[in-house]
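What you are looking at is a predicted structure, and each value in this text was computed from that prediction instead of being measured. We name chains A, B, ... by the order of the sequence lines, and we start the count at 1 in each one.
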Protein chains: 2
Amino acid sequence: MTGEGARTEGLLIRIAERRDVGAIVALFAADALGGHGDTTEAEAAGAYLAAFERISRSPNDTLYVAELNGEIVGTFQTTLIPGMPGRGGTSFQIEAVQTRQDMRGRGIGALMINHAVSKARAANARLVQLMSNETRERAHGFYERLGFAKSHVGFKMKLK
Amino acid sequence: MTGEGARTEGLLIRIAERRDVGAIVALFAADALGGHGDTTEAEAAGAYLAAFERISRSPNDTLYVAELNGEIVGTFQTTLIPGMPGRGGTSFQIEAVQTRQDMRGRGIGALMINHAVSKARAANARLVQLMSNETRERAHGFYERLGFAKSHVGFKMKLK
C-alpha cells in the first residue's frame, strides 16, 4: 500500500454495517460535484437503508467504509462482474469512492483503492475498472499514480 | 427503438444460452482492438463455458445475443449495480458490446443498446452507464446519438 503514514495510522478499512449508513450518506450529501441529490434529510433515510440491504444481499457487491478513531472518513463499493471477454475474465469495478472533505490529502483514498485492488487480486479478477467524472481532474492524476490507465471514455444516461 | 428497418427485420434480442457460447466467443476473437486475447481455439473453450455459467448464476448479470436468420450477429451484457449515491439508486451497466463485423452499419448496435436501456427502465434504474475504449471514436458518437452523455473518464488496471 502507498500513502500510508502517521496521518492515517489506525485507519481501518472494513465492510460497512447498517449502523454506518448515516455516516456514509453524509459523505455523499457533502459532495456537490456528484449532483446526485443526496441528502441527510430524514425523508431519504428509508431509501438509503433499502439500498444498503440490496448491496448486502448481492453476492457480487460489497460496500466498504474507512474508519479512523471511530469516525467514518471514507467509503467505496466494489462489484465483481463476471464476463466473456479476456477468455472469460472477471472484472472488478470500484464505484462511489468518497473521502470526507476535511480528511483529504492524507492518503486515505489511496489506502481505500489499494485495498480494493488487493480484493480484486484475491478474487482472481482480470482487471480493475472505475469511472470518474471528467471534471474531477485531481482524481484522474490520483488514479494514474495508483497504476490505472486512463484508457476509456465513460458514458452515462440518467433515467431519473 | 431507433435504427430499426428492413435491414434488421427479424432481429431477435434474447438472453444467451449455453449453445450460443461458441458464436459469442467468435465475436470477441474477431475484435483485435479489444486486445483481450480472445480466441476460438479449443484450449480456451472451458474458460468461456465457466464464465457463461458464472454470468448465468449471477442474479445481477445477464448476457444477451442478437440473432438474425438463425445466426448470432451481436452480443452485450448487462449488470445491475445497487448503490448508495442518488438516494440509493441502482446503476445499470452495459458491458462487452459486439456486433459481427460484416453486420455493422445496419442498426443492430442501436437495437441492442435500446433493448438494454428498456431493461434498465424496467428495473427502475437511476442511470445506464458504460465504458468504451478511447480509440473507438465511432462508437463514441454512436452512444451520444443514443442519448448518453460523454461525462466520465474510464480507468482500467490490468491484473493479468
Interchain contact, [X] with chain B, by part (heavy-atom threshold 4.5 Å):
X: A:Ala120; answer: both
X: A:Ser132; answer: both
X: A:Gln98; answer: neither
X: A:Ile55; answer: both
X: A:Leu63; answer: side chain
X: A:Ala44; answer: side chain
X: A:Glu43; answer: side chain

Taking [Y]'s backbone N and O only, do any of them form a donor-acceptor pair with [X]'s side chain (distance below 3.5 Å, no angle check)?
X: B:Lys158; Y: A:Ala149; value: no
X: B:Arg87; Y: A:Gly37; value: yes
X: A:Glu95; Y: B:Pro82; value: no
X: B:Lys150; Y: A:Lys156; value: no
X: B:Arg54; Y: A:Thr90; value: no

Are [X] and [Y] packed together at the side-chain level, in the sense that at least one heavy-atom pair is separated by less than 4.5 angstrom?
X: A:Pro59; Y: B:Pro59; answer: yes
X: A:Met131; Y: B:Met131; answer: yes
X: B:Gln93; Y: A:Ile81; answer: yes
X: A:Asp61; Y: B:Asn60; answer: yes

Segment of [X] engaging chain A (4.5 angstrom heavy-atom cut-off):
X: B:Leu130; result: both
X: B:Phe52; result: both
X: B:Pro85; result: both

*Show your reasoning for whether side-chain hydrogen bond (donor to acceptor under 3.5 Å, both in side chains) applies to B:Ser151 and A:Asn133.*
CA-CA 6 Å; B:Ser151 56; A:Asn133 192 299; 5.5 Å; no

*Taking all non-hydrogen atoms of both residues into account, name the closest pair between B:His140 and A:Val153 and its distance.*
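Scanning both residues completely, I find the closest heavy atoms to be CE1-CG2, 3.5 Å.
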
*Could you check whether the rings of A:Phe155 and B:Phe148 sit parallel, tilted or perpendicular, using 30° and 60° as the cut-offs?*
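Because their plane-to-plane angle is over 60°, the rings of A:Phe155 and B:Phe148 count as perpendicular.
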
*Give the cluster check for B:Ile15 versus B:Val25: same hydrophobic cluster or not, with ILVMFWY residues linked at side-chain heavy-atom distances below 4.5 Å.*
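Unlinked, B:Ile15 and B:Val25 end up in two clusters.
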
*Could you give the distance from CE (A:Met157) to CG (B:Leu146), rounded to the nearest 0.5 Å?*
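Reported to 0.5 Å precision, the distance equals 6.5 Å.
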
*Within 6.0 Å of CD in B:Glu134, more than 12 heavy atoms from elsewhere*: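 Check passes, neighbour count above 12.
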
